[in-house]
Amino acid sequence: MNAQPPIIEIQHLSKEFRIGFFRKRVRAVRDLSLTVHQGEIFGFLGPNGAGKTTTIKMLMGLIYPSQGQAKLFGIPSDDLRAKARLGFLPEHPYFYDYLTGLEFLNFYARLFGISSSIRSVRVERLIEQVGLSHARKLPLRKYSKGMIQRIGIAQALINDPDLVILDEPMSGLDPIGRKDVRDIIFRLRDSGKTVFFSSHILQDVEMLCDRVAILTKGQLRKLGTLHDLLAELSGLKTEITFSGLSTLDLEQLQRLADRIVVPGPRATLVFPNERLDEAVRLLLQKGGKLESMIPLKGTLEDLFVQQVHATQDEPSPLQDESSASPPLPENTQPPQETSRDA
Amino acid sequence: MHKLLVIAQNTFREAIRDKILYSIFFFAFLLLLASLALGELSLGHHIKVTKDLGLSAISFFGILIAIFTGVSLVHKEIDKRTLYTLLSKPIYRSQFVLGKYFGMLLTALTQLALLTALFSLLVLYQQKYIESALFQAILLYWMEIMLVTSIALFFSSFTTPFFSGVFTFSIFVIGRLMPEIEILLKRTTNPLIWLLLKISTFLPNLDYLNIGQRVVHQESIPFDYMLSSVTYTTLYIVLFLFFGSLLFSRRDFI
Ligand SMILES: Nc1ncnc2c1ncn2[C@@H]1O[C@H](COP(=O)(O)OP(=O)(O)OP(=O)(O)O)[C@@H](O)[C@H]1O
Ligand SMILES: [Mg+2]
């Protein structure tokens, strides 16, 4: 693409924790490799306990990897030059509750050595941008959960960062708040910044992300553009509209369906493709009239659920040394980067 | 250096917005006033009583604040996860540790300055003048407070506030008892006790810094003594801060 190093480059990153008296091994992240390029909005997905926060903490230098390394802007992630160009919002943030919103942002701005004239303008602008102008002189102790989340986002942008890493930025926000955050993320992208965030709110991810990674049990399962990943899924389900069946026959057909979109004599049902043959045969046999048949596009939720189910029989990250590396079930192929723009 | 000061200032701000500190200060204040009252009551020697009690109060409450802030303030940043955001900014972990340290010192110094001012007023009120030797004693108590803070910070870089507090207080007590330990060391015949005592002697000797009694009894303290005590303490402080930062830098924050 170009000679610039990737903004985030994670190479074979692993993290093991030892817990309890017997120092039981928890493999929170296993051999994770991925790159994020400039200008991307990258979604980092996975069920609870998948290892997202652990990965992000390694990127931030809060914990040290057991193996592998992470580079930001082509330099090791714990280098101060990398951190100077970085903004970070931790998961469930908690901040100095004795500071007011203004004092809080000024504190971080000063850590970046931002001169006082720029500082005051920027702090005011950010406070306004996250909708907290009314609470700027209030100590954070008196902020609501969503307000804390908002001031946390302002804090992450205080140094006008080139890369913003957000761990569940939408959690605790009302619908307006979520929209505000989406707008902020789009605005960042439009000004050439890179955004990497984890989230459980898949609608937001679908709206925002260029590329996503799906992690389960510490391992990367899917990586690619949203478009390509969802295209892979299409052809899994088909929506059929028909009429002319007796109630009894309709009931029989409905048992094969995944979902009823429109009930009644002129019905619309969704069938998984493996039962499609059978359903159509039954419909025609009983003298029904097929009106339309539409292959459904997969949703991110389908993909997410599929990946979680596919790996649910694997041992959890919490395991004994003895059963360290079980064979992967057949249906988990190692993730392959689905090609981006040609 | 600049970043260090920003962190120190924030630590100071945290401490002075904390109510516990005010209650400690309030008790120190009461004790000083009590020393005046007791001085008035004890016939003849009353000025000695005031000085003695006053210096002890300043030292005691200084140490109390040192241990309290030293063990709690770093742990609080870890516990409340404010550290996550802070360490994602371009600062070294050692800058964080030192920033915290100077913030704590600033807190203790403010407190010490206020108590010293009150103490001076009491002494002036009773004897119409104040001897510089009293300030020599307070200076060495100040060194002791700086040292104990660095010890508390050292422990809190790797263990819980409770254990940090216990360890720091033990080192303080051992340090104050160093003359007795040295005598015991010569007398004991039990090898195990000898070994334990021997190890203790590597800890800082805080008796060097406790010259309150000597000053109250009009002994004059030579400049050489002051200089060597200050140097001695500084070396220990540097050592504790160095190892504290080192341990802190290697930690995972989970
Ligand atoms: N300090 C720790 N000690 C032991 N195990 C840990 C520790 N931190 C995380 N883990 C384990 O590592 C795994 C990944 O946790 P992580 O917090 O990274 O998940 P996550 O993807 O962020 O989940 P969530 O969506 O719930 O935030 C989990 O199995 C968790 O139990
Ligand atoms: Mg998480």
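Bear in mind that the values here come from a model prediction, so they are computed numbers and not experimental data. The analysis underlying the following values was restricted to heavy atoms, covering all of them including side chains, and did not include hydrogens, waters or symmetry mates.
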For chain B, find which of [options] contributes the most heavy-atom pairs closer than 4.5 angstrom.
options	value
A:Gln155, A:Arg81, A:Arg85, A:Met60	A:Gln155
A:Tyr98, A:Phe88, A:Phe112	A:Tyr98
A:Leu111, A:Leu59, A:Asn159	A:Leu111
A:Ala156, A:Gly113, A:Ala84	A:Ala84

Chain B contact via A:Leu89 - which portion, at a heavy-atom distance below 4.5 Å
neither
Quick check, are the ring centers of B:Phe26 and B:Tyr22 under 6.0 angstrom apart?
no
Do A:Tyr143 and A:Phe95 have their ring centres less than 6.0 Å from each other?
no
Sort out for me which of [options] touches chain A most, counting heavy-atom pairs under 4.5 Å.
options	value
B:Glu77, B:Gln9, B:Arg81, B:Arg93	B:Arg93
B:Asn10, B:Leu86, B:Ile7	B:Asn10
B:Ile91, B:Leu87, B:Asp18, B:Thr85	B:Thr85

Considering the options B:Thr233, B:Ile145, B:Val230, B:Asn210, which one meets the side-chain contact (heavy atoms from CB on, under 4.5 Å) requirement together with B:Leu140?
B:Val230
Look at the rings of B:Phe25 and B:Phe29 and say which category their plane angle falls in: under 30° parallel, 30 to 60° tilted, over 60° perpendicular.
tilted
For the residue pair B:Phe154 and B:Phe158, does the interplanar ring angle fall in the parallel (under 30°), tilted (30 to 60°) or perpendicular (over 60°) class?
perpendicular
Check against salt bridge (Lys or Arg N to Asp or Glu O under 4.0 Å), B:Lys80 and B:Glu14:
CA-CA 14 Å; B:Lys80 303 237 163 166; B:Glu14 174 173 12; over 6 Å; no
Honestly, the part of B:Arg17 sitting under 4.5 Å from a heavy atom of chain A is side chain
What part of B:Arg251 lies closer than 4.5 angstrom to a heavy atom of chain A: side chain, backbone, both or neither?
backbone
Does a salt bridge link B:Arg176 with B:Glu144, judged by any charged N lying under 4.0 Å from a carboxylate O?
yes
